[in-house]
Amino acid sequence: MLHRDTVISDIAVHKPKVMAGIFAAAFVIFTLMGLKDTIFGALMAPVIGDPAEAGFSGNAATGLVLAILLTVNIVLIAFLPLRYQIGIVWLQLLLLFLTFFYSFDLKLSFIQTKIWFMITQGLFTTLYISAISIALASGLAIIGAVAKLSSNGFAFAIASFYTSFFRGIPLLMQIYLIYLGLPQLGFVIDAVPAGILALTLCYGAYMTEIFRAGIQSIDKGQWEASRSIGFGFGLTMRRIILPQSMPLIIPPTGNQFIAMLKDSSLVSVIGVWELMFLARTLGNKDFRHMEMLITAAMIYWMLTVCLELIQSRIERHYKSPQH
Amino acid sequence: MTKTVIEMVGVNKWYGDFQALNNINLKVEEGDRIVICGPSGSGKSTLIRTLNYLEAHQEGRITVDGTDLHPRMKNVTQVRTNTGMVFQQFNLFPHMTVLENLMAGPIWVRKLPKAEARAQAMTYLDRVRIPEQADKYPGQLSGGQQQRVAIARSLCMNPKVMLFDEPTSALDPEMVSEVLDTMIGLARDGMTMICVTHEMGFAKAVADRVIFMDQGEIVEENAPKPFFDAPQNSRTKTFLGQILQH
(Lines give C-alpha, C1' and ligand atoms only; values in the text may rest on other atoms or scores of the structure.)
Protein backbone atom coordinates (compact mmCIF):
# COMPACT_ATOMS: atom_id res chain seq x y z
CA MET A 1 0.00 0.00 0.00
CA LEU A 2 1.17 3.52 -0.69
CA HIS A 3 2.32 5.35 2.37
CA ARG A 4 -0.72 7.45 3.10
CA ASP A 5 -0.66 10.92 4.56
CA THR A 6 -2.58 11.50 7.78
CA VAL A 7 -4.37 14.49 6.29
CA ILE A 8 -7.64 13.43 4.65
CA SER A 9 -8.76 15.24 1.53
CA ASP A 10 -12.44 15.63 0.61
CA ILE A 11 -14.02 12.79 -1.30
CA ALA A 12 -13.93 13.98 -4.91
CA VAL A 13 -17.16 12.30 -5.98
CA HIS A 14 -19.12 14.09 -3.26
CA LYS A 15 -18.38 17.47 -4.82
CA PRO A 16 -21.37 18.60 -6.92
CA LYS A 17 -19.13 19.96 -9.68
CA VAL A 18 -17.26 16.69 -10.11
CA MET A 19 -20.48 14.68 -10.14
CA ALA A 20 -22.08 17.03 -12.63
CA GLY A 21 -19.07 16.57 -14.84
CA ILE A 22 -19.21 12.79 -14.59
CA PHE A 23 -22.92 12.81 -15.27
CA ALA A 24 -22.60 15.05 -18.32
CA ALA A 25 -19.74 13.02 -19.75
CA ALA A 26 -21.58 9.74 -19.16
CA PHE A 27 -24.72 11.09 -20.76
CA VAL A 28 -22.90 12.29 -23.87
CA ILE A 29 -20.88 9.09 -24.25
CA PHE A 30 -23.80 6.73 -23.66
CA THR A 31 -25.99 8.68 -26.05
CA LEU A 32 -23.38 8.72 -28.80
CA MET A 33 -22.82 4.98 -28.34
CA GLY A 34 -26.38 4.51 -29.61
CA LEU A 35 -27.48 1.97 -27.05
CA LYS A 36 -31.11 1.69 -28.04
CA ASP A 37 -30.53 -1.50 -30.01
CA THR A 38 -28.82 -3.30 -27.16
CA ILE A 39 -30.16 -5.07 -24.12
CA PHE A 40 -30.46 -1.67 -22.41
CA GLY A 41 -32.74 -0.43 -25.16
CA ALA A 42 -34.86 -3.56 -24.80
CA LEU A 43 -35.24 -2.87 -21.10
CA MET A 44 -36.30 0.69 -21.91
CA ALA A 45 -39.00 -0.47 -24.34
CA PRO A 46 -41.93 0.58 -22.09
CA VAL A 47 -40.69 4.18 -22.24
CA ILE A 48 -39.25 4.57 -25.73
CA GLY A 49 -41.46 2.09 -27.52
CA ASP A 50 -40.03 -0.24 -30.12
CA PRO A 51 -36.26 0.42 -30.06
CA ALA A 52 -35.97 -0.06 -33.80
CA GLU A 53 -38.23 2.93 -34.44
CA ALA A 54 -37.20 5.12 -31.51
CA GLY A 55 -34.56 7.16 -33.35
CA PHE A 56 -32.24 9.62 -31.60
CA SER A 57 -34.59 10.26 -28.71
CA GLY A 58 -34.43 6.53 -27.91
CA ASN A 59 -30.66 6.73 -27.71
CA ALA A 60 -30.83 9.86 -25.59
CA ALA A 61 -33.38 8.39 -23.19
CA THR A 62 -31.34 5.21 -22.74
CA GLY A 63 -28.19 7.28 -22.26
CA LEU A 64 -29.93 9.50 -19.70
CA VAL A 65 -31.15 6.58 -17.59
CA LEU A 66 -27.76 4.88 -17.67
CA ALA A 67 -25.96 8.13 -16.79
CA ILE A 68 -28.30 8.67 -13.81
CA LEU A 69 -27.78 5.10 -12.63
CA LEU A 70 -24.00 5.41 -12.93
CA THR A 71 -23.85 8.74 -11.07
CA VAL A 72 -26.10 7.66 -8.20
CA ASN A 73 -24.16 4.41 -7.98
CA ILE A 74 -20.83 6.21 -7.64
CA VAL A 75 -22.13 8.65 -5.04
CA LEU A 76 -23.64 5.86 -2.94
CA ILE A 77 -20.56 3.63 -3.11
CA ALA A 78 -18.36 6.49 -1.94
CA PHE A 79 -20.25 6.50 1.37
CA LEU A 80 -19.37 2.88 2.14
CA PRO A 81 -16.33 1.59 4.08
CA LEU A 82 -13.34 0.55 1.99
CA ARG A 83 -13.96 -3.21 2.04
CA TYR A 84 -17.55 -2.87 0.83
CA GLN A 85 -16.49 -0.42 -1.86
CA ILE A 86 -14.00 -2.95 -3.21
CA GLY A 87 -16.52 -5.81 -3.09
CA ILE A 88 -19.33 -3.90 -4.74
CA VAL A 89 -17.20 -2.43 -7.50
CA TRP A 90 -15.83 -5.90 -8.25
CA LEU A 91 -19.33 -7.33 -8.38
CA GLN A 92 -20.60 -4.61 -10.69
CA LEU A 93 -17.67 -4.95 -13.09
CA LEU A 94 -18.24 -8.70 -13.13
CA LEU A 95 -21.92 -8.21 -13.92
CA LEU A 96 -21.00 -5.86 -16.75
CA PHE A 97 -18.67 -8.51 -18.13
CA LEU A 98 -21.31 -11.18 -17.95
CA THR A 99 -23.76 -8.88 -19.71
CA PHE A 100 -21.14 -8.40 -22.40
CA PHE A 101 -20.77 -12.15 -22.85
CA TYR A 102 -24.51 -12.67 -22.67
CA SER A 103 -24.95 -10.35 -25.60
CA PHE A 104 -23.02 -12.89 -27.75
CA ASP A 105 -26.04 -15.14 -27.53
CA LEU A 106 -24.02 -18.01 -26.07
CA LYS A 107 -25.48 -21.49 -25.94
CA LEU A 108 -24.98 -22.63 -22.35
CA SER A 109 -26.04 -26.21 -23.01
CA PHE A 110 -23.20 -26.50 -25.51
CA ILE A 111 -20.72 -25.35 -22.86
CA GLN A 112 -22.17 -27.84 -20.42
CA THR A 113 -21.53 -30.76 -22.74
CA LYS A 114 -17.89 -29.79 -23.32
CA ILE A 115 -16.73 -28.24 -20.08
CA TRP A 116 -16.00 -31.50 -18.31
CA PHE A 117 -13.66 -32.60 -21.06
CA MET A 118 -12.04 -29.17 -21.10
CA ILE A 119 -11.27 -29.48 -17.41
CA THR A 120 -10.13 -33.11 -17.27
CA GLN A 121 -8.09 -32.92 -20.46
CA GLY A 122 -7.31 -29.26 -21.10
CA LEU A 123 -6.95 -27.78 -17.64
CA PHE A 124 -5.07 -30.83 -16.41
CA THR A 125 -2.58 -30.66 -19.29
CA THR A 126 -2.10 -26.91 -18.92
CA LEU A 127 -1.47 -27.31 -15.20
CA TYR A 128 1.01 -30.11 -15.37
CA ILE A 129 2.95 -28.61 -18.25
CA SER A 130 3.21 -25.30 -16.38
CA ALA A 131 4.08 -26.92 -13.06
CA ILE A 132 6.85 -29.09 -14.51
CA SER A 133 8.18 -26.16 -16.53
CA ILE A 134 8.28 -23.74 -13.59
CA ALA A 135 10.04 -26.32 -11.40
CA LEU A 136 12.67 -27.02 -14.06
CA ALA A 137 12.98 -23.31 -14.84
CA SER A 138 13.67 -22.53 -11.16
CA GLY A 139 16.49 -25.08 -11.09
CA LEU A 140 17.89 -23.67 -14.31
CA ALA A 141 17.57 -20.15 -12.93
CA ILE A 142 19.65 -20.94 -9.83
CA ILE A 143 22.41 -22.42 -11.97
CA GLY A 144 22.17 -19.54 -14.43
CA ALA A 145 22.26 -16.93 -11.66
CA VAL A 146 25.31 -18.47 -9.99
CA ALA A 147 27.02 -18.73 -13.38
CA LYS A 148 26.26 -15.10 -14.18
CA LEU A 149 27.69 -13.99 -10.85
CA SER A 150 30.77 -16.21 -11.02
CA SER A 151 34.19 -15.09 -12.07
CA ASN A 152 34.51 -18.10 -14.38
CA GLY A 153 34.65 -16.84 -17.95
CA PHE A 154 33.07 -19.94 -19.48
CA ALA A 155 30.20 -20.02 -17.01
CA PHE A 156 29.47 -16.32 -17.44
CA ALA A 157 29.68 -16.48 -21.22
CA ILE A 158 27.40 -19.50 -21.50
CA ALA A 159 24.87 -18.11 -19.04
CA SER A 160 24.74 -14.66 -20.56
CA PHE A 161 24.48 -16.10 -24.07
CA TYR A 162 21.64 -18.30 -22.88
CA THR A 163 19.66 -15.49 -21.25
CA SER A 164 20.30 -13.17 -24.16
CA PHE A 165 19.11 -15.70 -26.75
CA PHE A 166 16.04 -17.02 -24.95
CA ARG A 167 14.88 -13.63 -23.81
CA GLY A 168 15.49 -12.20 -27.24
CA ILE A 169 13.36 -14.62 -29.26
CA PRO A 170 9.56 -14.95 -29.18
CA LEU A 171 8.42 -17.96 -27.19
CA LEU A 172 6.25 -19.07 -30.10
CA MET A 173 9.35 -19.25 -32.28
CA GLN A 174 11.27 -21.19 -29.63
CA ILE A 175 8.47 -23.75 -29.54
CA TYR A 176 8.66 -24.19 -33.33
CA LEU A 177 12.47 -24.26 -33.28
CA ILE A 178 12.55 -27.01 -30.68
CA TYR A 179 9.69 -29.07 -32.07
CA LEU A 180 10.73 -28.82 -35.70
CA GLY A 181 14.45 -28.18 -35.28
CA LEU A 182 15.50 -30.98 -32.94
CA PRO A 183 14.27 -33.76 -35.26
CA GLN A 184 16.67 -32.32 -37.89
CA LEU A 185 19.47 -33.27 -35.52
CA GLY A 186 18.05 -36.75 -35.15
CA PHE A 187 16.22 -36.22 -31.85
CA VAL A 188 12.56 -36.84 -32.54
CA ILE A 189 10.72 -35.15 -29.73
CA ASP A 190 7.06 -35.43 -28.74
CA ALA A 191 4.88 -32.36 -28.56
CA VAL A 192 4.52 -32.33 -24.76
CA PRO A 193 8.25 -32.62 -23.95
CA ALA A 194 9.00 -30.08 -26.66
CA GLY A 195 6.52 -27.67 -25.11
CA ILE A 196 7.91 -28.21 -21.63
CA LEU A 197 11.46 -27.75 -22.90
CA ALA A 198 10.60 -24.48 -24.65
CA LEU A 199 8.74 -23.07 -21.63
CA THR A 200 11.55 -24.15 -19.30
CA LEU A 201 14.29 -22.59 -21.39
CA CYS A 202 12.41 -19.36 -21.94
CA TYR A 203 11.26 -18.84 -18.35
CA GLY A 204 14.56 -20.13 -16.99
CA ALA A 205 16.20 -17.23 -18.81
CA TYR A 206 13.86 -14.64 -17.28
CA MET A 207 14.11 -16.22 -13.85
CA THR A 208 17.90 -16.29 -14.03
CA GLU A 209 17.74 -12.51 -13.82
CA ILE A 210 15.29 -12.66 -10.91
CA PHE A 211 17.48 -15.07 -8.97
CA ARG A 212 20.60 -13.08 -9.79
CA ALA A 213 19.04 -9.91 -8.42
CA GLY A 214 17.86 -11.80 -5.33
CA ILE A 215 21.28 -13.23 -4.60
CA GLN A 216 22.99 -9.89 -5.23
CA SER A 217 20.71 -8.09 -2.80
CA ILE A 218 22.14 -10.00 0.16
CA ASP A 219 24.67 -8.00 2.15
CA LYS A 220 28.30 -9.00 1.69
CA GLY A 221 28.58 -9.30 5.48
CA GLN A 222 26.41 -12.41 5.31
CA TRP A 223 28.91 -14.06 2.98
CA GLU A 224 31.78 -13.08 5.26
CA ALA A 225 30.04 -14.25 8.43
CA SER A 226 29.19 -17.54 6.75
CA ARG A 227 32.76 -18.04 5.52
CA SER A 228 34.21 -17.11 8.89
CA ILE A 229 32.38 -19.99 10.58
CA GLY A 230 33.84 -22.30 7.96
CA PHE A 231 31.01 -22.60 5.42
CA GLY A 232 32.13 -23.33 1.89
CA PHE A 233 30.35 -22.01 -1.19
CA GLY A 234 27.63 -24.68 -1.32
CA LEU A 235 26.66 -24.38 2.33
CA THR A 236 26.73 -20.59 2.21
CA MET A 237 24.46 -20.59 -0.81
CA ARG A 238 22.04 -23.21 0.48
CA ARG A 239 21.82 -22.24 4.13
CA ILE A 240 22.52 -18.51 4.20
CA ILE A 241 22.10 -16.72 0.88
CA LEU A 242 19.20 -18.43 -0.89
CA PRO A 243 16.90 -18.61 2.17
CA GLN A 244 17.38 -14.88 2.63
CA SER A 245 16.80 -14.03 -1.02
CA MET A 246 13.56 -16.06 -1.12
CA PRO A 247 11.32 -13.19 0.05
CA LEU A 248 12.73 -11.16 -2.85
CA ILE A 249 12.57 -13.98 -5.37
CA ILE A 250 9.10 -15.33 -4.65
CA PRO A 251 6.86 -12.42 -5.70
CA PRO A 252 8.37 -12.06 -9.18
CA THR A 253 8.55 -15.85 -9.53
CA GLY A 254 4.85 -16.03 -8.75
CA ASN A 255 4.28 -13.50 -11.50
CA GLN A 256 6.35 -15.61 -13.85
CA PHE A 257 4.29 -18.68 -12.99
CA ILE A 258 1.06 -16.86 -13.70
CA ALA A 259 2.49 -15.59 -16.97
CA MET A 260 3.69 -19.05 -17.88
CA LEU A 261 0.29 -20.56 -17.20
CA LYS A 262 -1.10 -18.38 -19.93
CA ASP A 263 1.91 -18.60 -22.22
CA SER A 264 1.53 -22.38 -22.11
CA SER A 265 -1.38 -21.74 -24.49
CA LEU A 266 1.26 -21.18 -27.19
CA VAL A 267 2.09 -24.88 -26.94
CA SER A 268 -1.26 -25.53 -28.62
CA VAL A 269 0.36 -24.70 -31.97
CA ILE A 270 2.22 -28.01 -31.90
CA GLY A 271 -0.91 -29.95 -31.08
CA VAL A 272 -0.73 -30.45 -27.34
CA TRP A 273 -4.25 -30.98 -26.05
CA GLU A 274 -4.20 -28.24 -23.46
CA LEU A 275 -6.87 -25.65 -22.73
CA MET A 276 -6.22 -23.34 -25.66
CA PHE A 277 -6.03 -26.18 -28.14
CA LEU A 278 -9.36 -27.56 -26.96
CA ALA A 279 -10.91 -24.10 -26.94
CA ARG A 280 -10.04 -23.70 -30.61
CA THR A 281 -10.96 -27.21 -31.75
CA LEU A 282 -13.97 -28.27 -29.69
CA GLY A 283 -16.20 -25.53 -31.06
CA ASN A 284 -15.12 -26.02 -34.68
CA LYS A 285 -17.62 -28.63 -35.72
CA ASP A 286 -20.68 -26.72 -34.48
CA PHE A 287 -19.38 -23.21 -35.23
CA ARG A 288 -19.55 -22.47 -31.53
CA HIS A 289 -16.12 -20.79 -31.19
CA MET A 290 -17.17 -18.06 -28.78
CA GLU A 291 -18.60 -20.50 -26.23
CA MET A 292 -15.37 -22.46 -26.00
CA LEU A 293 -13.05 -19.44 -26.07
CA ILE A 294 -14.96 -17.72 -23.29
CA THR A 295 -15.07 -20.92 -21.22
CA ALA A 296 -11.32 -21.35 -21.60
CA ALA A 297 -10.77 -17.68 -20.75
CA MET A 298 -12.82 -18.11 -17.58
CA ILE A 299 -10.86 -21.21 -16.59
CA TYR A 300 -7.55 -19.37 -17.11
CA TRP A 301 -8.85 -16.50 -15.04
CA MET A 302 -10.05 -18.69 -12.16
CA LEU A 303 -6.72 -20.47 -12.16
CA THR A 304 -4.85 -17.18 -12.01
CA VAL A 305 -6.98 -15.99 -9.11
CA CYS A 306 -6.17 -19.20 -7.24
CA LEU A 307 -2.47 -18.73 -7.92
CA GLU A 308 -2.58 -15.12 -6.75
CA LEU A 309 -4.13 -16.28 -3.48
CA ILE A 310 -1.46 -18.95 -3.03
CA GLN A 311 1.24 -16.42 -3.84
CA SER A 312 0.03 -13.96 -1.22
CA ARG A 313 -0.05 -16.82 1.31
CA ILE A 314 3.58 -17.68 0.60
CA GLU A 315 4.61 -14.03 0.74
CA ARG A 316 2.97 -13.69 4.14
CA HIS A 317 4.80 -16.81 5.31
CA TYR A 318 8.15 -15.26 4.41
CA LYS A 319 7.22 -12.05 6.25
CA SER A 320 7.44 -13.89 9.59
CA PRO A 321 8.90 -12.16 12.69
CA GLN A 322 12.52 -12.17 11.63
CA HIS A 323 11.99 -9.34 9.13
CA MET B 1 56.63 -22.64 26.65
CA THR B 2 54.16 -20.51 24.71
CA LYS B 3 53.14 -21.40 21.22
CA THR B 4 52.94 -18.97 18.31
CA VAL B 5 49.37 -18.78 16.99
CA ILE B 6 49.74 -16.12 14.34
CA GLU B 7 52.77 -14.81 12.56
CA MET B 8 52.92 -12.09 9.92
CA VAL B 9 56.23 -11.45 8.16
CA GLY B 10 56.71 -8.55 5.74
CA VAL B 11 53.06 -8.45 4.70
CA ASN B 12 52.07 -5.99 1.97
CA LYS B 13 48.67 -5.45 0.43
CA TRP B 14 47.41 -3.04 -2.20
CA TYR B 15 43.95 -2.05 -3.41
CA GLY B 16 44.89 -0.93 -6.89
CA ASP B 17 47.50 1.78 -6.32
CA PHE B 18 46.56 2.29 -2.69
CA GLN B 19 48.77 0.46 -0.24
CA ALA B 20 46.55 -0.83 2.55
CA LEU B 21 49.20 -2.80 4.45
CA ASN B 22 52.84 -1.79 4.44
CA ASN B 23 55.47 -4.24 5.65
CA ILE B 24 53.52 -5.65 8.59
CA ASN B 25 55.41 -7.85 11.05
CA LEU B 26 53.44 -9.28 13.94
CA LYS B 27 53.73 -12.27 16.20
CA VAL B 28 50.87 -13.43 18.39
CA GLU B 29 51.41 -16.11 21.01
CA GLU B 30 48.89 -18.20 22.84
CA GLY B 31 47.11 -16.13 25.47
CA ASP B 32 48.15 -12.80 23.95
CA ARG B 33 45.62 -9.99 24.09
CA ILE B 34 46.36 -7.40 21.46
CA VAL B 35 44.52 -4.18 20.76
CA ILE B 36 44.98 -2.45 17.42
CA CYS B 37 43.99 1.19 17.06
CA GLY B 38 44.54 3.94 14.55
CA PRO B 39 42.68 6.49 12.45
CA SER B 40 40.11 5.33 9.90
CA GLY B 41 41.69 4.07 6.70
CA SER B 42 44.88 3.12 8.54
CA GLY B 43 44.56 -0.55 7.55
CA LYS B 44 43.64 -2.03 10.94
CA SER B 45 40.47 -3.73 9.68
CA THR B 46 42.30 -4.95 6.60
CA LEU B 47 44.99 -6.43 8.82
CA ILE B 48 42.57 -8.36 10.99
CA ARG B 49 40.63 -9.57 7.94
CA THR B 50 43.74 -11.01 6.34
CA LEU B 51 44.16 -13.26 9.38
CA ASN B 52 41.22 -15.51 8.48
CA TYR B 53 41.75 -14.88 4.79
CA LEU B 54 38.62 -12.83 4.17
CA GLU B 55 41.17 -10.57 2.48
CA ALA B 56 44.19 -11.84 0.57
CA HIS B 57 47.61 -10.26 1.01
CA GLN B 58 49.94 -9.92 -1.96
CA GLU B 59 53.40 -10.06 -0.43
CA GLY B 60 54.90 -11.54 2.68
CA ARG B 61 53.86 -14.51 4.76
CA ILE B 62 50.98 -15.08 7.18
CA THR B 63 50.88 -18.25 9.28
CA VAL B 64 47.86 -19.14 11.40
CA ASP B 65 48.33 -22.07 13.78
CA GLY B 66 51.06 -23.43 11.56
CA THR B 67 49.11 -23.08 8.30
CA ASP B 68 50.47 -20.81 5.60
CA LEU B 69 47.77 -18.57 4.07
CA HIS B 70 47.80 -18.40 0.28
CA PRO B 71 45.14 -18.34 -2.46
CA ARG B 72 45.41 -22.02 -3.30
CA MET B 73 45.36 -23.45 0.19
CA LYS B 74 43.14 -26.46 0.67
CA ASN B 75 42.42 -26.18 4.38
CA VAL B 76 40.94 -22.70 4.52
CA THR B 77 37.99 -24.11 6.50
CA GLN B 78 40.37 -25.20 9.24
CA VAL B 79 41.97 -21.75 9.36
CA ARG B 80 38.60 -20.02 9.51
CA THR B 81 37.17 -22.24 12.21
CA ASN B 82 40.35 -21.75 14.23
CA THR B 83 39.91 -17.98 14.05
CA GLY B 84 36.62 -16.68 15.42
CA MET B 85 35.64 -13.43 13.73
CA VAL B 86 33.35 -10.80 15.26
CA PHE B 87 32.21 -8.07 12.88
CA GLN B 88 31.33 -4.44 13.44
CA GLN B 89 27.88 -5.03 11.91
CA PHE B 90 27.30 -8.31 13.84
CA ASN B 91 26.32 -10.13 10.60
CA LEU B 92 24.04 -12.58 12.35
CA PHE B 93 21.91 -14.70 10.03
CA PRO B 94 18.54 -12.93 10.20
CA HIS B 95 16.50 -15.90 8.99
CA MET B 96 17.66 -18.17 11.84
CA THR B 97 16.88 -18.00 15.53
CA VAL B 98 19.68 -17.19 17.95
CA LEU B 99 20.08 -20.86 18.75
CA GLU B 100 20.16 -21.83 15.07
CA ASN B 101 22.81 -19.16 14.47
CA LEU B 102 24.96 -20.79 17.11
CA MET B 103 24.32 -24.35 15.97
CA ALA B 104 24.87 -23.77 12.23
CA GLY B 105 28.66 -24.04 12.24
CA PRO B 106 28.96 -26.96 14.67
CA ILE B 107 26.29 -29.00 12.86
CA TRP B 108 27.18 -28.39 9.23
CA VAL B 109 30.93 -27.84 9.46
CA ARG B 110 32.00 -29.77 12.54
CA LYS B 111 29.30 -32.45 11.94
CA LEU B 112 28.35 -32.45 15.61
CA PRO B 113 25.14 -34.29 16.59
CA LYS B 114 22.24 -31.86 17.00
CA ALA B 115 21.75 -32.45 20.73
CA GLU B 116 25.42 -31.88 21.43
CA ALA B 117 25.49 -28.71 19.30
CA ARG B 118 22.43 -27.43 21.16
CA ALA B 119 23.95 -28.12 24.58
CA GLN B 120 27.16 -26.37 23.56
CA ALA B 121 25.23 -23.42 22.14
CA MET B 122 23.31 -23.03 25.39
CA THR B 123 26.57 -23.11 27.36
CA TYR B 124 27.95 -20.22 25.34
CA LEU B 125 24.67 -18.30 25.47
CA ASP B 126 24.88 -18.62 29.24
CA ARG B 127 28.38 -17.32 29.09
CA VAL B 128 27.35 -14.18 27.17
CA ARG B 129 24.42 -13.97 29.61
CA ILE B 130 21.45 -14.14 27.24
CA PRO B 131 20.20 -17.76 27.42
CA GLU B 132 16.59 -16.49 27.57
CA GLN B 133 16.87 -15.09 24.02
CA ALA B 134 17.67 -18.47 22.45
CA ASP B 135 14.49 -18.78 20.40
CA LYS B 136 14.25 -15.19 19.22
CA TYR B 137 15.33 -13.90 15.85
CA PRO B 138 18.29 -11.48 15.66
CA GLY B 139 15.98 -8.70 14.48
CA GLN B 140 14.17 -8.85 17.84
CA LEU B 141 17.32 -8.21 19.88
CA SER B 142 19.12 -4.98 20.79
CA GLY B 143 22.47 -4.21 19.17
CA GLY B 144 24.39 -5.19 22.29
CA GLN B 145 22.56 -8.50 22.55
CA GLN B 146 23.15 -9.19 18.85
CA GLN B 147 26.86 -8.59 19.21
CA ARG B 148 27.00 -10.92 22.22
CA VAL B 149 25.22 -13.59 20.16
CA ALA B 150 27.80 -13.03 17.42
CA ILE B 151 30.58 -13.57 19.95
CA ALA B 152 28.90 -16.76 21.16
CA ARG B 153 28.51 -17.94 17.56
CA SER B 154 32.25 -17.62 17.04
CA LEU B 155 33.01 -19.34 20.34
CA CYS B 156 30.85 -22.33 19.32
CA MET B 157 33.51 -23.25 16.76
CA ASN B 158 36.10 -23.49 19.59
CA PRO B 159 38.54 -21.10 17.92
CA LYS B 160 42.17 -20.82 18.96
CA VAL B 161 42.12 -17.06 18.52
CA MET B 162 39.30 -14.52 18.50
CA LEU B 163 39.41 -11.60 16.06
CA PHE B 164 37.28 -8.54 16.84
CA ASP B 165 36.79 -5.96 14.08
CA GLU B 166 35.52 -2.82 15.84
CA PRO B 167 32.93 -4.80 17.79
CA THR B 168 31.40 -1.81 19.59
CA SER B 169 31.52 0.85 16.87
CA ALA B 170 27.99 0.21 15.59
CA LEU B 171 26.43 0.14 19.05
CA ASP B 172 24.42 2.76 20.91
CA PRO B 173 26.59 4.13 23.73
CA GLU B 174 24.64 2.46 26.55
CA MET B 175 25.26 -0.97 25.02
CA VAL B 176 29.01 -0.73 24.62
CA SER B 177 29.83 -1.86 28.13
CA GLU B 178 27.80 -5.10 28.01
CA VAL B 179 29.82 -6.19 24.98
CA LEU B 180 33.12 -5.05 26.48
CA ASP B 181 32.31 -6.92 29.70
CA THR B 182 31.80 -10.09 27.68
CA MET B 183 35.13 -9.56 25.96
CA ILE B 184 36.90 -8.85 29.26
CA GLY B 185 35.44 -12.11 30.59
CA LEU B 186 36.90 -13.96 27.60
CA ALA B 187 40.28 -12.37 28.16
CA ARG B 188 40.24 -13.40 31.84
CA ASP B 189 39.62 -16.99 30.74
CA GLY B 190 42.84 -16.89 28.75
CA MET B 191 41.43 -16.56 25.22
CA THR B 192 43.95 -15.34 22.66
CA MET B 193 42.46 -12.25 21.09
CA ILE B 194 43.20 -9.51 18.61
CA CYS B 195 40.87 -6.56 18.80
CA VAL B 196 40.53 -3.54 16.56
CA THR B 197 38.87 -0.92 18.74
CA HIS B 198 38.88 2.67 19.88
CA GLU B 199 37.83 1.72 23.42
CA MET B 200 40.98 2.80 25.20
CA GLY B 201 39.58 1.82 28.60
CA PHE B 202 39.29 -1.73 27.33
CA ALA B 203 42.84 -1.58 26.01
CA LYS B 204 44.15 -0.42 29.38
CA ALA B 205 42.17 -3.07 31.25
CA VAL B 206 42.95 -6.22 29.26
CA ALA B 207 45.54 -5.69 26.54
CA ASP B 208 49.09 -6.82 27.06
CA ARG B 209 50.13 -5.06 23.85
CA VAL B 210 48.68 -2.06 22.03
CA ILE B 211 49.48 -1.50 18.37
CA PHE B 212 49.04 1.84 16.66
CA MET B 213 48.63 1.80 12.88
CA ASP B 214 48.67 4.65 10.40
CA GLN B 215 48.76 4.60 6.60
CA GLY B 216 49.06 0.83 6.49
CA GLU B 217 52.05 0.60 8.81
CA ILE B 218 52.52 -0.45 12.40
CA VAL B 219 53.83 2.83 13.81
CA GLU B 220 54.15 1.92 17.45
CA GLU B 221 53.75 -1.21 19.53
CA ASN B 222 54.03 -1.28 23.31
CA ALA B 223 52.51 -2.44 26.58
CA PRO B 224 49.43 -0.34 27.47
CA LYS B 225 51.00 1.64 30.31
CA PRO B 226 53.99 3.07 28.38
CA PHE B 227 51.85 3.28 25.23
CA PHE B 228 49.34 5.62 26.81
CA ASP B 229 51.63 7.38 29.29
CA ALA B 230 54.61 7.98 27.04
CA PRO B 231 53.89 7.45 23.35
CA GLN B 232 57.09 7.69 21.32
CA ASN B 233 55.93 8.55 17.79
CA SER B 234 54.47 11.97 17.01
CA ARG B 235 51.60 10.37 14.99
CA THR B 236 50.67 8.26 18.02
CA LYS B 237 50.70 11.36 20.21
CA THR B 238 48.43 13.25 17.81
CA PHE B 239 46.00 10.32 17.56
CA LEU B 240 45.83 9.74 21.31
CA GLY B 241 45.42 13.47 21.85
CA GLN B 242 42.41 13.43 19.53
CA ILE B 243 40.58 10.49 21.01
CA LEU B 244 41.38 11.04 24.69
CA GLN B 245 40.63 14.75 24.96
CA HIS B 246 36.94 14.21 25.78
Side-chain angles (χ1 to χ4, degrees), chain A residues 138 142 145-146 149-156 210-254 311-323, chain B residues 45 48-49 51-55 74-98 100-112 117 135-141 146 149-150 152-159 162-165 170:
Chain A
S138 302
I142 291 180
V146 171
L149 292 170
S150 85
S151 48
N152 182 316
F154 286 105
F156 180 84
I210 294 174
F211 276 67
R212 184 188 54 75
I215 291 170
Q216 265 185 324
S217 70
I218 303 303
D219 183 58
K220 129 178 162 327
Q222 291 290 311
W223 286 91
E224 293 184 341
S226 175
R227 293 215 170 110
S228 71
I229 58 168
F231 278 22
F233 175 78
L235 268 177
T236 303
M237 209 64 196
R238 225 170 50 240
R239 301 288 183 184
I240 308 298
I241 304 300
L242 281 180
Q244 287 186 65
S245 23
M246 274 308 144
L248 291 143
I249 289 176
I250 282 175
T253 300
Q311 187 188 356
S312 69
R313 266 279 161 83
I314 299 177
E315 274 176 42
R316 226 174 308 149
H317 169 78
Y318 275 103
K319 267 193 197 141
S320 41
Q322 69 259 38
H323 297 290
Chain B
S45 279
I48 205 163
R49 287 158 59 85
L51 296 180
N52 68 347
Y53 218 62
L54 282 181
E55 302 274 358
K74 295 285 176 239
N75 49 354
V76 67
T77 303
Q78 189 197 329
V79 170
R80 287 185 176 152
T81 52
N82 277 340
T83 51
M85 182 72 149
V86 176
F87 299 90
Q88 182 178 357
Q89 300 294 345
F90 329 136
N91 293 346
L92 292 175
F93 307 131
H95 59 301
M96 298 180 181
T97 63
V98 166
E100 286 165 347
N101 264 280
L102 266 61
M103 289 162 65
I107 289 180
W108 290 317
V109 180
R110 293 256 195 249
K111 310 284 181 208
L112 233 56
D135 294 317
K136 287 202 182 155
Y137 284 95
Q140 297 168 297
L141 304 184
Q146 288 192 50
V149 172
R153 177 174 69 180
S154 293
L155 291 173
C156 278
M157 300 305 286
N158 303 312
M162 285 289 285
L163 310 173
F164 295 88
D165 187 5

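A note on names: the letters A, B, ... follow the listed sequences, proteins ahead of strands, and every chain is numbered from 1.
Among the candidates B:Asn91, B:Thr97, B:Asn82, the residue making the largest number of heavy-atom pairs closer than 4.5 Å to chain A is B:Asn91. With chain A as partner, the option from B:Ala104, B:Gly84, B:Pro159, B:Pro106 having the largest number of non-hydrogen pairs under 4.5 angstrom is B:Ala104.
For the atom pair B:Met85 CE and A:Arg227 CZ, the distance stands at 13.0 Å (nearest 0.5 Å). Rounding to the nearest 0.5 angstrom, the gap separating the NE2 atom in B:His95 from the CD atom in A:Gln222 is 7.5 Å. Expressed to the nearest 0.5 Å, how far CD1 of A:Ile229 lies from CG of B:Asn101 amounts to 8.0 Å.
For B:Ala150, no part lies near chain A; criterion is any non-hydrogen pair under 4.5 Å. Contact annotation for B:Phe87: only side-chain heavy atoms (C-beta onward) come within less than 4.5 Å of a heavy atom of chain A. When heavy atoms are compared at a cutoff of 4.5 Å, B:Thr83 approaches chain A solely by way of its backbone atoms N, CA, C and O. Within the 4.5 angstrom heavy-atom criterion, no atom of B:Arg110 approaches chain A. Only the side chain of A:Leu235 comes within contact range of chain B, judged by heavy atoms closer than 4.5 Å. For B:Leu163, no part lies near chain A; criterion is any non-hydrogen pair under 4.5 Å.
Of all heavy-atom pairs between B:Met96 and A:Arg239, the closest is CE-O, 3.7 Å.
With hydrogens and angles disregarded, no donor-acceptor distance shorter than 3.5 Å links the side chain of B:Asn52 to the backbone of A:Ser228.
Taking the six-membered ring where the residue is Trp, A:Phe231 and B:Phe93 present parallel rings, their angle staying beneath 30° rather than reaching 60°.
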